[in-house]
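Step one of this worksheet: look at the structure below.
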Amino acid sequence: MEPATTLREFHQWSITDRDGFWREQAKLIYWHKPFKQVLDYSHPPFTRWFVGGETNLCYNAIDRHLDTQADKPALIFVSTETGVERTYSFRQLHQEVMRMAAIFQQLGVGRGDRVLLYMPMIPEAVFAMYACARIGAIHSVVFGGFASHSLASRIDDAGPKLIVSADGGMRGGRVIPYKPALDEAIELSSHKPTHCLLIDRGLAPMARTQGRDVDYEPLRQKHFGASVPVTWLESNEVSYTLYTSGTTGKPKGVQRDVGGYAVALAASMKHIYCGNAGETYFSSSDIGWVVGHSYIIYGPLLAGMATILFEGTPICPDAGILWRLVEKYRVTVMFSAPTAIRVLKKQDAGWLKKYDTSSLRALFLAGEPLDEPTARWITEGLGRPVIDNYWQTETGWPILTVAHGVEKTPPRLGSPGMPMYGYDVRLLDLETGEEVGPNQKGVVAIVPPLPPGCLQTVWRDDKRFVSTYFSTLPGKQVYSTFDWGIRDSDGYTFILGRTDDVINVAGHRLGTREIEESITSHPAVADCAVVGVSDPIKGQVAMAFAVLRDTKRGQSAEDRALLEKEIMTLVDKQLGAVARPTRVHIIDGLPKTRSGKVLRRSIQAICEGRDPGDLTTIEDPGVLEQIRKATAISIAA
Ligand code: ATP
Ligand code: MG
């Protein structure tokens, strides 16, 4: 059915001729042994992509480029925390990965064994992930900012033979020791790893447990000339497990395959990100998140691009750091999160103009709704397309966006875009399971089979995979994203928030996202969260929390009261009085997960005087105290 010239046709092709479409995409990677079947869907909703094919993620990302660009940059490490900046060529990266793989083998790690990484953003983390991929071990990266309790539950779930960690990381100039948390976690967990491999950065003291803990550097020297061959894996073997962010409660262990993931990423690099070999990709995410897996570690290198590994924050040493790196490394594709851009928006806009960002082709943002004011601010500042990506840990790559490699569809402010090829996206009525019409709100659902790259199952829990994702909408077995969406008549889809983030005010169902959009359109507001709080008369009322931009506003109590009035008037005007929050509290920051997602559930719990739950995933617990105080005063008043 090729050639497709519009995104719509391309999408159509992927749905009506699934096998043909993905057979074509599978050519983007190297297969050691060709697959026998594109898709085995004999046990819905489980998918087995590229059955019988043998390949390897490490080979495709590194070895394959050695012939043509061995001495070109592959990994660019920048730490604004320690001042270290170092570039590894494909050849050097290849050597480091083989050293790490040899160490793993010496420590008894082989095909199918789990290796858990609890690491800061350092090159050794990249070596370790690729070493796993090379020898067929399964990595499970746990975000380095998690405390021992969260780490322990993930150790128990993954059951790793080996844990790779370091003495510490740094954030905003502060050393964060890792080893004490790791020791505590192993103490707490019922599963015990055989070994812990430790990278000593000289940042924090590190106690070693004899027999279990081993140092990386002497072993690296021992295996300096190591040559570890690639282990060819059947496409459906497990490449890794990764936990969802935990915004809505207990994180789920997403399990991913090898071949389907490699094909999905290679295809997205071509059609969505439009990155070319020899160029540089910069994703400011963390290796602990799915964006880090797909678009720091694997995606860019699969396309022969260099990838930047950044240890630092967007405002340190100043709010120009991201753009300075774009200029220095001639970055062509950049990936960040709305939350990072909102942090920058709080600062002086002049930073954007200080550096030459003309190498950039586009900036991609994902992870949270991209509100219009933020989108407009960054689009105008950069003078480049800013492309919203909507996806989940579960899917591994975008569900909704625009694909400029297929067609130059203009992005539409406030919408992540259109259903991507491979995803049969429908908006369904929560109660009836029927499709809703244009401009009507529905649950964003995907008619299975899910495309390559998406989760195979929940790690060690097929039942949970089916019951969590495929059994919540009446009628048919469809995958639920648990997000609300609405589609305009041109096919652009808008995300209205999570299905459990809906407020019911006197019988009116309001998405918190809509109210938040309205509040952030006030020029003094940088960020905000709205939650529904139970009310004896109205059922629920909307309570808003706003963080101000760095303007002169909000410094006195009088001005804060005035601001609150202005914001309420604005919401009245844009959405109607029913959406008006009962209070708009001005606070210094919002409680967010470490990946930058607002924890509306915790805010709501505090407002209703309930226990906010497990807070170990919160970035800055101090802001919860502010919310507690603010709401206590308002209740008293
Ligand atoms: P958990 O599933 O454990 O509650 P989580 O859903 O926050 O955590 P992720 O997989 O990291 O974990 O996040 C995916 C979710 O993030 C999406 O379902 C959606 O709610 C939100 N999201 C991601 N990208 C966008 C976007 N571009 N626009 C709006 N929302 C987005
Ligand atoms: Mg989720």
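Atoms within a ligand are numbered from 1 in the order they appear, just like the ligands themselves. Source: prediction; values computed, not measured.
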Val254 and Thr244: side-chain contact (heavy atoms from CB on, under 4.5 Å), yes or no, with the steps? CA-CA 7 Å; Val254 164; Thr244 59; 4.0 Å; yes

With heavy atoms under 4.0 Å as the rule, classify the contact between Trp289 and ligand 1 as side chain, backbone, both or neither. neither

Looking only at the aromatic ring of each residue, does the gap between the centers of Trp391 and Tyr295 stay below 6.0 angstrom? yes

Which ligand 1 atoms, with their elements, are less than 4.0 angstrom from a heavy-atom of Asp388? 26 (C), 27 (N)

Minimum distance, heavy atoms only, to atom 10 (O) of ligand 1: which one of Val291, Thr593, Thr393 is it? Thr393

Trp391 heavy atoms within 4.0 Å reach ligand 1 at atoms 14 (C), 17 (C), 23 (C), 24 (N)

Which is closest to atom 31 (C) of ligand 1 in terms of heavy atoms, Tyr390, Trp484, Phe364? Tyr390

Using the side chain to side chain contact (heavy atoms under 4.5 Å, CB included) definition, which of the options Asp483, Thr499, Asp429, Val436 pairs with Val443? Thr499

Using a 4.0 Å cut-off to any heavy atom of Asp483, which atoms of ligand 1 qualify? 17 (C), 18 (O), 19 (C), 20 (O)

Mode of Glu368 contact toward ligand 1 - side chain, backbone, both, neither (heavy atoms, under 4.0 Å): backbone

Between Tyr240 and Tyr261, how do the two ring planes meet: parallel, tilted or perpendicular, split at 30° and 60°? perpendicular

For the 3.5 Å polar cut-off, considering only N or O atoms, please tell me whether Arg513 and ligand 1 meet it. no

Please state whether the rings of Tyr273 and Phe335 are parallel, tilted or perpendicular, taking 30° and 60° as the class boundaries. tilted

From the list Val406, Leu7, Leu400, side chain to side chain contact (heavy atoms under 4.5 Å, CB included) with Met420 holds only for Leu7

Hey, is NZ on Lys441 packed in by over 12 heavy atoms from elsewhere, all under 6.0 Å? yes

Relative to atom 16 (O) of ligand 1, which among Lys597, Gln392, Arg601 owns the nearest non-hydrogen atom? Lys597

Asn389: numbered ligand 1 atoms lying under 4.0 Å from its heavy atoms: 24 (N), 25 (C), 26 (C), 27 (N)

What about Gly367: any of its N or O atoms under 3.5 Å from an N or O on ligand 1? yes

Over 60° means perpendicular and under 30° means parallel, so tell me whether Phe482 and Tyr469 are parallel, tilted or perpendicular. tilted

